[in-house]
Trainee: 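Have a look at this one before I ask anything.
All figures in this text were calculated on a predicted structure; none of them were measured in a lab. Letters go in sequence order (proteins before strands), and every chain restarts at 1.
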Amino acid sequence: MVHYFSYYWIYSPMRASQFLIATQKETPADAEVISHQLMLRAGLIRRLASGLYTWLPMGLRSIRKVERIVREELDAAGAQELLMPAVQPAELWQESGRWQQYGPELLRLKDRHQRDFCVGPTHEEVITDMMRKEVRSYKSLPMNFYQIQTKFRDEVRPRFGVMRSREFIMKDAYSFHLDQQSLQQTYDTMHLAYSHIFTRLGLNFRAVRADSGSIGGDASQEFHVLAQSGEDDIAFSNDPSSHFAANIETAEAMLPKAPRAAPSKAMKMVHTPDQKTIQSVCEFLGLAATQSLKTLVVLGHEDDNGQQPLVALVLRGDHTMNEIKVEKHPLIASPLTMAPEQRIVDELNTTPGSIGPVGLSISIIADRCATVMSDFTAGANLPGYHHTNLNWERDCDYTQVADIRNVVEGDPSPCGHGNIEIKRGIEVGHIFQLGDKYSQAMNATVLNENGKPQFMQMGCYGIGITRIIAAAIEQNFDENGIMWPLALAPFEVALIPLNYEKSAVVRETTDALYRDFKDAGIDVIMDDRAMRPGVKFADAELIGIPHRIVIGDRGIDSGTLEYRDRRAVANEDLPLTEALDFVKAKLGHRQ
RNA sequence: CGGGGCGUAGCGCAGCUUGGUAGCGCACCUGCCUGGGGGGCAGGUGGUCGGAGGUUCAAAUCCUCUCGUCCCGACCA
């Protein structure tokens, strides 16, 4: 159906000899995570400056594939695409208050007239401004807009290649509604659309409840790709019937089901010279950390006199404090500050490392788990001494109970089913109900049924396009290179002729195949480079092309080609005449 | 912003301690051989040693400043 004029044919960019294949044998010294290393080695990206990357032709092809899927699913979900400027006027950011709030992550600049601008890290202000100017009536709502744009966040420490870069491509969407109910509907639709997108991309992902921050409500979810190198810890239930998943920052640590055991031993004070950490005390006394209680002293919320009283937090020795939970506690100062050592000495007459609940005069907030301990060990509020066999009520007390620790594997799941499991995740998507935060700050209203202006409700929804590429690689690689999910592969099929230069049969067979594949709409690259076979194989594997067909004199004689799946260990022979149909079948689910 | 490492050819590195003609492997170019898993032989191209200043007859090497970059931490979401 497609006609190739000879010069198109010869210079076709899908011929490896005409395409920039920038593979490298050696791993650049400054790449730490596997995706970064492989993206550099496979010639997908090149670093321009810290956190800035050029997408080479090979890498761009994968980006385009992600974008295409994202567009298809968002269009299907009823969103409309638009494109907003990357550079934004400061006025809008001043109006929303974020010009002050955002800090140095916001790249600010001045134009030739000395007017302030920024390079957009996100586009809430611009879209809200657009909507308040364009839409008057509630009848126009709801509406949902998206764009695929380059964003810039001046990260303190860019790292891991495009995983945390400063400039990146993001799909962001913003929905507008008359009321919360409509917002909820679109939010749910977007949740579904995101699930479709990540499923089609072939990623192993989880939708995870996230910290809704200062805005409130529970309407914020992150989509994480599960991978070792992830920067976030995700807690979820190991019960297959449960959908519970939460960022570890927000996962609730439940009260253990087993009740507190009765005291069985008498309290004792023991000398523990120079033992200041839970670990060393427990080793010294030959106890398990689970039998010890740790006491942390932090600054409390300011009282009427502007003083910050000391507050003690007690946790089971092997548990760790969750700063986000602690900061939200009404008795605690925010941001969280550990008590200066001098105040502990002055007010508690002891030193850090020997603090305990017995006779402590300040407020004591006990973690739920700490309250069911019995016969436990804790500091004796006397430097160099600990109490053993302590028991609540009998020997000491706490003022309040709260959830102040991080969940650990094996904890009961908050959903009531199964136990907590923890895995690392890479955040690739985030959906959020903004409410009227921006519409109020920027006075974006529509007239409601009663003819009265009413602030629009907003939702926002992001997907890190470039980050998805890195995340996909983190999840799909082996010692030879990338193993792309089909939907993301820069090319679907690699045709590798051997001795293409000299063997007329090989050349003719390959050219014919190549043309057939292209005519069938398959993303095929033909490696016509005058290279030794080993080099071509290694490149195809490094780049991670899912399907490979080798054309050699040997096979042609017997009417066969060699096929190999990137994830398979062995070749299979393929009748020459069936090659196209065979590959089409393999690609079947693509269209 | 604090701590640490590193800047020498496109990539990976040696040389610096003890100053004296800038090297190795890969890549690249030419020729021949080879031709189903990063091949061999021979000959080549390519570097103001991150930059500036200083010490010295002489600086990749010593001193001062500076820039870049990576890691850890803090910060941010």
Side-chain angles (χ1 to χ4, degrees), chain A residues 20-33 36-37 40-43 46-54 56 98 101-107 121-122 124 151 153-161 163-166 168 170 172 208 210-215 220-222 224 231-232 247 249-250 323-324 335-338 425-432 460 462 464 467 479-481 494 496-503 506 527 529-543 548-557 560-564 569-571 573:
Chain A
L20 179 61
I21 296 185
T23 53
Q24 291 179 324
K25 208 180 288 188
E26 297 190 79
T27 303
D30 52 7
E32 213 202 344
V33 296
H36 190 195
Q37 293 173 359
L40 256 9
R41 287 227 291 136
R46 286 291 181 264
R47 195 188 69 92
L48 211 217
S50 177
L52 302 178
Y53 291 86
T54 293
L56 301 180
R98 286 160 107 192
Q101 258 176 43
Y102 221 91
E105 255 192 20
L106 184 63
L107 179 64
T122 175
E124 280 86 2
K151 313 269 188 188
R153 290 183 192 167
D154 201 351
E155 291 283 346
V156 187
R157 187 146 85 82
R159 60 188 135 171
F160 305 151
M163 202 116 94
R164 183 169 288 273
S165 53
R166 294 196 290 177
F168 56 97
M170 183 171 168
D172 48 328
V208 161
D211 183 20
S212 50
S214 51
I215 298 169
S220 169
Q221 275 165 298
E222 295 168 349
H224 283 261
E231 294 186 88
D232 295 288
N247 195 307
E249 294 171 346
T250 66
E323 294 191 21
I324 292 184
L336 180 68
T337 317
M338 299 301 289
I426 301 166
E427 184 186 343
V428 291
H430 198 161
I431 57 177
F432 208 105
C460 77
R467 185 182 275 187
E479 65 280 5
N480 295 318
I496 301 189
L498 303 179
N499 206 15
Y500 184 85
E501 306 294 290
K502 293 186 185 159
S503 165
V506 167
D527 198 343
R529 295 177 301 171
M531 300 264 192
R532 298 177 66 82
V535 177
K536 297 186 186 183
F537 296 153
D539 276 352
E541 279 158 14
L542 213 209
I543 294 164
R548 178 181 91 186
I549 290 177
V550 178
I551 304 102
D553 284 305
R554 211 194 277 165
I556 293 174
D557 287 344
T560 60
L561 303 170
E562 252 172 49
Y563 166 80
R564 176 117 147 215
V569 281
N571 297 328
D573 282 336

Trainee: What interatomic distance, in whole Å, is found between C1' of G25(B) and the corresponding atom of U66(B)?
Mentor: 33 Å

Trainee: NA contact type, K536(A), heavy-atom cut-off 4.0 Å: base, sugar-phosphate, or nothing?
Mentor: nothing

Trainee: For nucleotides A60(B) and C6(B), find the distance between their C1' atoms and express it as a whole number of Å.
Mentor: 15 Å

Trainee: Taking side chain as C-beta onward, heavy atoms only, is E124(A) less than 4.5 Å from C460(A)?
Mentor: yes

Trainee: Within the structure shown, what part of the strands sits under 4.0 Å from A29(A) by heavy-atom distance: base, sugar-phosphate, or nothing?
Mentor: sugar-phosphate

Trainee: Could you work out, with side-chain contact (heavy atoms from CB on, under 4.5 Å) as the rule, every residue matching P533(A), not counting sequence neighbours?
Mentor: L498(A), F537(A)

Trainee: With a strict under 4.0 Å distance from non-hydrogen atoms of chain A, what nucleotide opens and what nucleotide closes the contacted stretch of RNA chain B, reading 5' to 3'?
Mentor: C11(B) to A77(B)

Trainee: R47(A) near the nucleic acid: base, sugar-phosphate alone, or nothing, with a heavy-atom cut-off under 4.0 Å?
Mentor: sugar-phosphate

Trainee: Describe the nucleic acid contact of E427(A) in one word from base, sugar-phosphate, nothing, applying a heavy-atom distance below 4.0 Å.
Mentor: nothing

Trainee: Which residues satisfy the ring pair (Phe, Tyr, Trp, His ring centres under 6.0 Å) test with F168(A), sequence neighbours excluded?
Mentor: none

Trainee: Quick one: list whatever passes side-chain hydrogen bond (donor to acceptor under 3.5 Å, both in side chains) with R166(A), sequence neighbours left out.
Mentor: D154(A)

Trainee: Going by side-chain contact (heavy atoms from CB on, under 4.5 Å), name the residues that satisfy it together with E427(A), two or more places apart in sequence or in a different chain.
Mentor: E222(A), H224(A), D232(A), H430(A), R467(A)

Trainee: Excluding sequence neighbours, so at least two apart, what forms side-chain contact (heavy atoms from CB on, under 4.5 Å) with R46(A)?
Mentor: A22(A), Q24(A), L40(A), L56(A)

Trainee: So R564(A), base contact, sugar-phosphate only, or nothing? Heavy-atom distance under 4.0 Å.
Mentor: base

